[in-house]
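Just so we're on the same page: letters track the sequence lines, and every chain starts at 1.
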Amino acid sequence: MPELPEVETIRMYLEECLPGRVIRSVTVLLPRLLKNTSPAAFIQALSGSTITAVSRRGKYLFIHTAGPQGMLIHLRMTGRLVYEAEPQEQVPSFGRIIFELDEGRLIYGDVRTLGCLWLVPAAGSTGISGYDTLGPDGISPDFTIAYLQRQLKQCHRPIKSFLLDQTQVAGLGNIYVDEALFLAGISPHRRCATLGAVRVKRLHTAIRQVLAAGLEHGGTTVRNFIDGSGREGQNQDYLHVYGREGTPCPHCGTIIVYEKMAGRGTHYCPKCQK
DNA sequence: CAGGCCCTGCTT
DNA sequence: AAGCAGGGCCTG
């Protein structure tokens, strides 16, 4: 379940490898991953073009090219992008789309095949609604305390649901939301509009903190995550509540609770988080 | 607002 | 053999 830190970890690696590389050919092993184009149009548009940059907004990766079209990718649950400088004989496990480059190759792999790839215009809006409506990125300067306070004030949902909403803040997923709420001492059930200024500020700090920690540790590998070079992250060793139900809260010793909220597994300390 | 859907591999 | 993992989108 790649969230902002995992996607950014991948982006940073690809940014080292890909710019300047020419896409020689594309093999689409699983056409249904292409959401707004046929395999033929996809291959036609990208073959021969030179990759210029790799950017990220929220959990989306944007592979920019020198041509009129770029590629937008969402890894969803189990997508992965791996660059092989020296391609092996066989396609790696779960390889779904292969980009042969002038040097090496880029492989989009996906166990559960829930990921999405789109062909998008190089400039202007992409026409992909999930991307065009993203809120400020969780680690960007645009995501300010004032912005957070303003949005929360007019929202009556539980805070967990708000934080998972990519149009409010981009990049948080289930793991980092549970962690941020723990650090901020806020219950996932808490209604947004009832949060006072002190707690909003604490939440803002906590969001920044968990994302920074995730990045610093190369992402969180709970099940499937590997980075652009095929390595696992280390941030799972630093989680406070996610996946720790039934164990004592690191602050007060109360047993961490697990329950379903809006279809998501939710982990929190009923004593520390109010 | 909750719940279903998509998906597969691992756990129970 | 069923349950579970859940991001984003869709429906009721």
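For A:Tyr131 and A:His74, the gap between ring centers reaches or exceeds 6.0 Å.
Pairs engaging residues 262-274 of chain A under the salt bridge (charged side-chain N to carboxylate O under 4.0 Å, His left out) rule: none recorded [sequence neighbours left out]. Within the structure, ring pair (Phe, Tyr, Trp, His ring centres under 6.0 Å) contacts touching residues 195-221 of chain A (residues at least two apart or in different chains) are A:Phe143-A:His204, A:His217-A:Tyr238. Applying the ring pair (Phe, Tyr, Trp, His ring centres under 6.0 Å) test to residues at least two apart or on different chains, none of the pairs has a partner in residues 7-31 of chain A. Evaluation of the salt bridge (charged side-chain N to carboxylate O under 4.0 Å, His left out) test over residues 233-253 of chain A, restricted to residues two or more places apart or in two chains, returns none. Evaluation of the ring pair (Phe, Tyr, Trp, His ring centres under 6.0 Å) test over residues 76-129 of chain A, restricted to residues two or more places apart or in two chains, returns A:Tyr60-A:Trp118.
A straight line from CZ of A:Arg96 to C1' of B:dG9 spans 11 Å, rounded to a whole angstrom. To the nearest angstrom, C1' of B:dC1 lies 16 Å from CD1 of A:Ile159. Taking atom CZ of A:Arg32 as the reference point, atom C1' of B:dT8 lies 10 Å away to the nearest angstrom. The distance between atom CG of A:Leu33 and atom C1' of B:dC6, rounded to the nearest whole Å, is 12 Å.
Grouping Ile, Leu, Val, Met, Phe, Trp and Tyr by side-chain contacts under 4.5 Å, direct or through others, puts A:Tyr268 with A:Val257. Alongside A:Ile255, the hydrophobic cluster contains no other residue (criterion: ILVMFWY side chains under 4.5 Å).
Between its two ends, the helix from B:dC1-C:dG12 to B:dT12-C:dA1 turns its axis by 60°, counting five pairs per end and rounding to 10 degrees.
For A:His189, the side-chain hydrogen bond (donor to acceptor under 3.5 Å, both in side chains) test picks out A:Glu259, with sequence neighbours left out. Remark: A:Thr205 engages A:Gln209 in a side-chain contact (heavy atoms from CB on, under 4.5 Å) (not counting sequence neighbours).
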>> How would you summarise protein contacts on nucleotides 6-12 of chain C per nucleotide, using B for base, S for sugar-phosphate only and - for none, with heavy-atom distances below 4.0 Å?
In response: BBBS---
So which protein nitrogen or oxygen atoms get under 3.5 Å of nucleotides 10-12 of chain B's nitrogens or oxygens?
none

